[in-house]
Amino acid sequence: MKPYTCSNCGNLVHFDNEVCVQCGLRLGYRCWSDDMVALDPAGQVAVDGQSTAQSAFLCENAAQGVCNWLVEDAGAARLCRACRHNVVIPDLAVEGNVERWARMEQAKRYVIYSLRRWDLPLPGPDDAGNRHLSFSFLADVQNLDGGVEPVMTGHDSGHITINVAEADDAERERIRTEMKEPYRTLVGHFRHELGHFYWDVLVDDGGRLEQFRSIFGDERQDYGQALMAHYEHGAAADWPNRFVSAYASAHPWEDFAETWAHYIHMTDGLETALSFGLRLTVGASLSQPRTDGSFDPYRAASAEDLTRRWIPVSIALNSINRSMGQPDVYPFVLSPPVIEKLEFIHSLVQRNGRPGSAA
Ligand SMILES: [Zn+2]
Ligand SMILES: [Zn+2]
Ligand SMILES: [Zn+2]
């Protein structure tokens, strides 16, 4: 995520900050103007050391310490544009769940930020229409007989369920190791599950099914059987030549969701790098020297363009992480068929994000 500035003192602040460490004022993010404002003790926006007549209203979930967004129209809404999609939040009577919930909301805000940058449809649970995006954060149920009813992280017609245990670093790492995944994060879960939602909205409703099938394959093959086969036999040995991850090879829907997630990973990662002044050229074949300092990854010309700029950045980030003894930030290889799939997602995001503009 790119850095922001405190409206009061001009200090660099982060998207997640609740308080400015320099001037000490409460911070709130305004998603409608994409900026971070400081609030004086009376709840007025402070700019350049002065209180203004502008009132600001924190999202109701700020009281729990899980949200730092402001509410645009305080007369109508108590929850911000990110929190209004929640249907079930974690049971806060359970020890540690406030912290787990905070990590979930943080990841969700990063993803909602990206969707808003593209102006993608974000229908809330109370909005009109037949497509709604909502979230439930649920925990496995321990039965009296000692059995466990597991909660599956997944998507069902716009309703996304995330197992609260995924917000537990140790538990998520245990699952990652068990599943032999190179990467497992909360932000990755949100991006992946949203891929399923936008498949419904942009591919199915959007009249792009034929093109989808020609690139990703026929999604009418039995989904349950395909997943079972994947978990039983694993991915084909040559999956890296065709898919962005082993799991993407399980079914065309999963391929789409995985590739969708990568499109957001790359865009957000690249915007972050560029906003800190990081510009890299690693090898002439990977990247050409660039003078366009104003390049906006959210308005990239193509997925190929995005990928060409992202690869040197990801190589550098991985190398820095290895210097620190940390795992790779981006442990993936993007083969030509994957870039073609990313191109399809690019066309969906750009066409539906900007109505009226050319596809
Ligand atoms: Zn400040
Ligand atoms: Zn909120
Ligand atoms: Zn999925």
Side-chain angles (χ1 to χ4, degrees), residues 3-32 35-40 45-51 56-72 74 77-86 89 101-102 104-110 112-113 116 124 135 152-157 159-162 179 181 184 188-200 216 219 223-224 226-227 230-231 243-262:
Y4 289 83
T5 20
C6 169
S7 67
N8 185 49
C9 71
N11 190 36
L12 183 146
V13 294
H14 297 286
F15 188 62
D16 312 311
N17 285 164
E18 292 177 2
V19 173
C20 173
V21 290
Q22 185 163 280
C23 70
L25 290 191
R26 185 76 171 86
L27 293 170
Y29 174 74
R30 296 193 292 202
C31 66
W32 58 96
D35 58 359
M36 197 71 101
V37 292
L39 313 181
D40 70 12
V45 173
V47 177
D48 297 335
Q50 305 282 327
S51 279
F57 303 93
L58 281 162
C59 170
E60 192 177 72
N61 285 340
Q64 306 280 355
V66 304
C67 186
N68 68 341
W69 282 23
L70 297 177
V71 176
E72 188 167 5
R78 298 169 296 108
L79 294 172
C80 73
R81 299 289 295 187
C83 291
R84 73 182 188 127
H85 296 275
N86 291 349
I89 62 163
W101 184 29
M104 308 268 245
E105 293 296 344
Q106 181 187 37
K108 175 150 71 74
R109 285 194 298 274
Y110 274 66
I112 300 265
Y113 163 86
R116 289 183 57 86
F135 298 92
M152 301 306 286
T153 291
H155 166 265
D156 183 13
S157 310
H159 185 229
I160 289 169
T161 300
I162 311 255
M179 310 281 279
E181 295 170 344
R184 191 177 183 93
H189 282 316
F190 280 104
R191 286 173 181 159
H192 172 103
E193 299 307 337
L194 279 160
H196 291 302
F197 172 68
Y198 284 105
W199 187 90
D200 288 349
F216 289 83
E219 84 290 353
Y223 179 73
L227 284 201
H230 174 78
Y231 287 124
F243 300 95
V244 75
S245 67
Y247 185 58
S249 70
H251 187 276
W253 278 336
E254 296 310 328
D255 192 9
F256 181 86
E258 285 286 271
T259 315
W260 172 276
H262 276 260

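We count ligands from 1, going down the list as the structure has it; atoms in each ligand are counted the same way.
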At the Zn ion (ligand 1): angle between Cys23 atom SG and Cys6 atom SG, to 10 degrees: 110°
field: Angle subtended at the Zn ion (ligand 2) by SG of Cys80 and SG of Cys67, nearest 10°
entry: 110°
Rounded to 10 degrees, the angle OE1 of Glu254 makes with NE2 of His196 at the Zn ion (ligand 3): 100°
statement: With Ser51 as partner, the option from Val45, Asn8, Asp40 fulfilling side chain to side chain contact (heavy atoms under 4.5 Å, CB included) is Asp40
query: Does the pair Trp199 and Trp260 meet the rule for a side chain to side chain contact (heavy atoms under 4.5 Å, CB included), with working shown?
result: CA-CA 9 Å; Trp199 187 90; Trp260 172 276; over 6 Å; no
- request: Step by step, work out the side chain to side chain contact (heavy atoms under 4.5 Å, CB included) result for Ile89 and Asn61.
  value: CA-CA 11 Å; Ile89 62 163; Asn61 285 340; 5.7 Å; no
query: At the Zn ion (ligand 1), what angle lies between atom SG of Cys9 and atom SG of Cys20, rounded to 10 degrees?
result: 100°
message: Given the Zn ion (ligand 2) as the apex, I'd like the angle to SG of Cys59 and SG of Cys83, rounded to 10 degrees.
response: 100°
message: To make sure I understand the geometry: which N, O or S atom in His192 is closest to the Zn ion (ligand 3)?
response: NE2
query: side chain to side chain donor-acceptor pair (under 3.5 Å) with His192: which of His155, Glu254, His262?
result: Glu254
- prompt: Do Asn86 and Leu79 touch side chain to side chain, with heavy atoms closer than 4.5 Å?
  reply: no
